[in-house]
Enquirer: 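Just passing along the structure, written as structure tokens.
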Number of protein chains: 2
Amino acid sequence: MRYDRPVSTDDFQRARSPEAKRVREAAILDAARRLGEQHGVRQVTLTDIAAAVGMHKSAMLRYFETREEIFLRLTAEGWREWAPAVCASLRALTRPVADASAPADADAVAAVFASTLAARALFCDLLAQAPMNLERNVSVARVREFKLTTRGALAEIVAAVRAALPGLPEGSVVDLVAAATALAGTFWQIATPSPEIAALYRADPRLAHAIVDVEPRLARILAAMLRGLQPSGAGGQ
Amino acid sequence: MRYDRPVSTDDFQRARSPEAKRVREAAILDAARRLGEQHGVRQVTLTDIAAAVGMHKSAMLRYFETREEIFLRLTAEGWREWAPAVCASLRALTRPVADASAPADADAVAAVFASTLAARALFCDLLAQAPMNLERNVSVARVREFKLTTRGALAEIVAAVRAALPGLPEGSVVDLVAAATALAGTFWQIATPSPEIAALYRADPRLAHAIVDVEPRLARILAAMLRGLQPSGAGGQ
């Protein structure tokens, strides 16, 4: 009988080995990820996460200081997962001429950023939440860890963009990644209003400007930016 | 004696004429604006605003449904104030040749957006807060009013940019304004961490990428975007 009942708070409280702690942390992160995907990060409370993972809130606080720490961990995880995906897509771009060392097309590079970000709804949500909310309710040590993770991911992506479009200075590519992630976060927030507000936008043609389709708008903006960053006459013109 | 005491809740409750209501609303908006500028919008509660304006929270709710409605009104006010400022600066741009009908320089247009936004800290804060928080806790009628205000401001700005840079299609200029306002909002959030986190960024050279200076980054990104949007060989090259 004992093993048939749902996982209880008691089981979690007995889990003290490092491995058992990792299992608990992963369960908490999984629950937060699922709830964030379903409802949007902004709606998810620590109580919701505790209920979904079957722990008391007080027990969960032994693993994470705040709900913001949980979502900041998911943001870091998002960067670690997105960076190699962007880099792989950039390496796989067909060059405009049949020469593997030729620069890629600026529009194609922009499309890689737009499509890989738009495909990651929770990551877009977290990208907007991080500077406004998540980094403001965790300890300095957690922010440091988070920033070192984004630093590593940023360096990977910058190197891959510069391999695809060799003429670009490093600072310009850092600006590109900053623009891509900031716009993805904000456009995602604009593109996912509540159902009542979405209905309002559809009903009133004067509000058509409020309807945003994240991927094409992001692709257009980043493509223009990349064309403008390239030395005159370089790829993508 | 009666007229020497501070304005009381009773005075506010007696204010029922349309003019008196407008005065109360303005007092509430003034208090919210001041608190938002001092502490950041995210920190300001309805209770803070009520205390600053000298009203009971319950009395204030007769003027505004929620704290989000108050800040959404300030966001609309921000658009109405910013739009003519951008338009005036665009009209005042020195043309690269001594001909008032010559196109302006793309970099100069980008600099107008960056400088007018960076000079409006509260508006930048509100631009990021609006889609994520403010539009989500007010009635549909209030969101409609807000969106009609931004629609008017957007149309004004789009017309002024197209007068300055005549080759640009309307859709591209809408993208430009969307990018400028989304980036200003997010970069402002990133650029104003808590004092402890700001100290961390300064102390650890590995975290230099986390320090963002809003105006120059915004100017660089928008200038690249505008150069990339213009037909080859047009102004600003």
Side-chain angles (χ1 to χ4, degrees), chain A residues 40 42 106 127-133 135-136 139-140 143-144 147-148 150-151 154-155 171-172 174-176 178-179 181-183 185-194 196-197 199-201 204 206-210 212 217 220-230 232-233 236-237, chain B residues 40 42 106 125 127-133 135-136 139-140 143-144 147-148 150-151 154-155 171-172 174-176 178-179 181-183 185-194 196-197 199-201 204 206-210 212 217 220-230 232 236-237:
Chain A
R42 150 176 207 286
L127 283 170
Q129 296 283 345
M132 194 189 296
N133 298 318
E135 294 175 22
R136 291 171 199 260
S139 65
V140 170
V143 174
R144 187 204 315 269
K147 289 292 173 182
L148 290 174
T150 60
R151 178 177 185 261
L154 178 65
S172 298
V174 171
D175 282 347
L176 176 79
T181 50
L183 293 173
T186 305
F187 290 167
W188 187 90
Q189 300 294 336
I190 296 173
T192 53
S194 69
E196 298 77 33
I197 301 299
L200 165 72
Y201 294 165
D204 188 338
R206 295 172 304 167
L207 303 182
H209 71 291
V212 169
R217 172 164 277 182
R220 287 194 306 269
I221 291 173
L222 298 177
M225 184 182 171
L226 270 168
R227 284 194 304 267
L229 286 172
Q230 289 188 291
S232 279
Q237 301 290 337
Chain B
R42 144 177 214 287
D125 190 0
L127 282 170
Q129 296 283 346
M132 194 190 294
N133 299 318
E135 294 176 22
R136 290 170 200 261
S139 66
V140 170
V143 174
R144 186 204 316 268
K147 288 292 174 182
L148 289 174
T150 61
R151 178 177 186 260
L154 178 65
S172 297
V174 171
D175 282 347
L176 176 79
T181 50
L183 292 173
T186 305
F187 290 167
W188 188 89
Q189 300 294 337
I190 296 173
T192 54
S194 69
E196 299 77 33
I197 301 298
L200 165 72
Y201 294 165
D204 188 338
R206 295 172 303 168
L207 302 182
H209 72 291
V212 169
R217 172 165 277 181
R220 289 194 305 270
I221 290 173
L222 297 177
M225 185 181 169
L226 270 168
R227 284 194 304 269
L229 285 174
Q230 290 188 289
S232 280
Q237 300 289 336

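Numbers restart at 1 for each chain; the letters A, B, ... are given by sequence-line order, proteins then strands.
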Enquirer: Relative to chain B, which of A/V174, A/I197, A/L229, A/L222 shows the most heavy atom pairs under 4.5 Å?
Expert: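 Among A/V174, A/I197, A/L229, A/L222, the one with the most close pairs to chain B is A/I197.
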Enquirer: To the nearest 0.5 Å, what is the distance between OG1 on A/T181 and CG on A/L176?
Expert: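 Output value for this atom pair is 9.0 Å.
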Enquirer: Pick one of side chain, backbone, both or neither for B/T192, based on which atoms fall under 4.5 Å of a heavy atom in chain A.
Expert: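 Contact with chain A: backbone and side chain both.
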Enquirer: Does the B/R151 side chain pair with the main chain of A/R206, one donor and one acceptor, at a distance under 3.5 Å?
Expert: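 Flag set: sc B/R151 to bb A/R206 pair under 3.5 Å.
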Enquirer: Among B/L148, B/V143, B/D175, B/D125, which has the most heavy-atom pairs under 4.5 Å with chain A?
Expert: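 Looking at each option in turn, the highest pair count goes to B/D175.
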Enquirer: Going by the rule salt bridge (charged side-chain N to carboxylate O under 4.0 Å, His left out), which residues pair with B/R136 if we only count those two or more places apart in sequence or in a different chain?
Expert: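 B/R136: no salt bridge (charged side-chain N to carboxylate O under 4.0 Å, His left out) contacts found.
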Enquirer: Check each atom of B/A208 against the heavy atoms of chain A and say whether the ones under 4.5 Å are side chain, backbone, both or neither.
Expert: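 No part of it gets close to chain A.
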Enquirer: What residue, out of B/L207, B/I190, B/L200, has the most heavy-atom pairs lying under 4.5 Å from chain A?
Expert: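 The answer is B/L200.
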Enquirer: Of the backbone (N, CA, C, O) and the side chain (C-beta and beyond), which part of A/D204 lies under 4.5 Å from a heavy atom of chain B, both, or neither?
Expert: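 Only the side chain of A/D204 comes within 4.5 Å of chain B.
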Enquirer: Return the minimal non-hydrogen interatomic distance between B/M225 and B/A179, and the atom names on each side.
Expert: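 Closest approach of B/M225 to B/A179: SD-CB, 4.0 Å.
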Enquirer: Give the minimum heavy-atom separation between A/P131 and A/A128, together with the two atoms involved.
Expert: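 Nearest pair, atom of A/P131 first, then A/A128: CD-O, 3.7 Å.
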Enquirer: Please look at A/R42 and chain B and tell me whether the side chain, the backbone, both or neither of the residue comes under 4.5 angstrom of a heavy atom of that chain.
Expert: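 Only the side chain of A/R42 comes within 4.5 Å of chain B.
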Enquirer: Of all the heavy-atom pairs spanning A/A106 and A/Q230, show the shortest one and how long it is.
Expert: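 For A/A106 and A/Q230, the tightest heavy-atom pair comes out as CB-OE1, 3.3 Å.
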Enquirer: Quick check for you: among B/A178, B/P193, B/A210, which has the greatest number of heavy-atom pairs under 4.5 Å with chain A?
Expert: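 Going by pairs under 4.5 Å, I would pick B/A178.
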Enquirer: Does any backbone or side-chain atom of B/L127 lie under 4.5 Å from a heavy atom of chain A? Answer side chain, backbone, both or neither.
Expert: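 For B/L127, no heavy atom lies under 4.5 Å from chain A.
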Enquirer: Of the listed residues (A/K147, A/R144, A/Q129, A/E196), which shares the most heavy-atom pairs with chain B below a 4.5 Å separation?
Expert: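 When all of A/K147, A/R144, A/Q129, A/E196 are compared, A/K147 has the most.
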Enquirer: State the CE-CH2 distance between B/M132 and A/W188, to the nearest 0.5 angstrom.
Expert: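 Answer for the CE-CH2 pair, B/M132 versus A/W188, is 9.0 Å.
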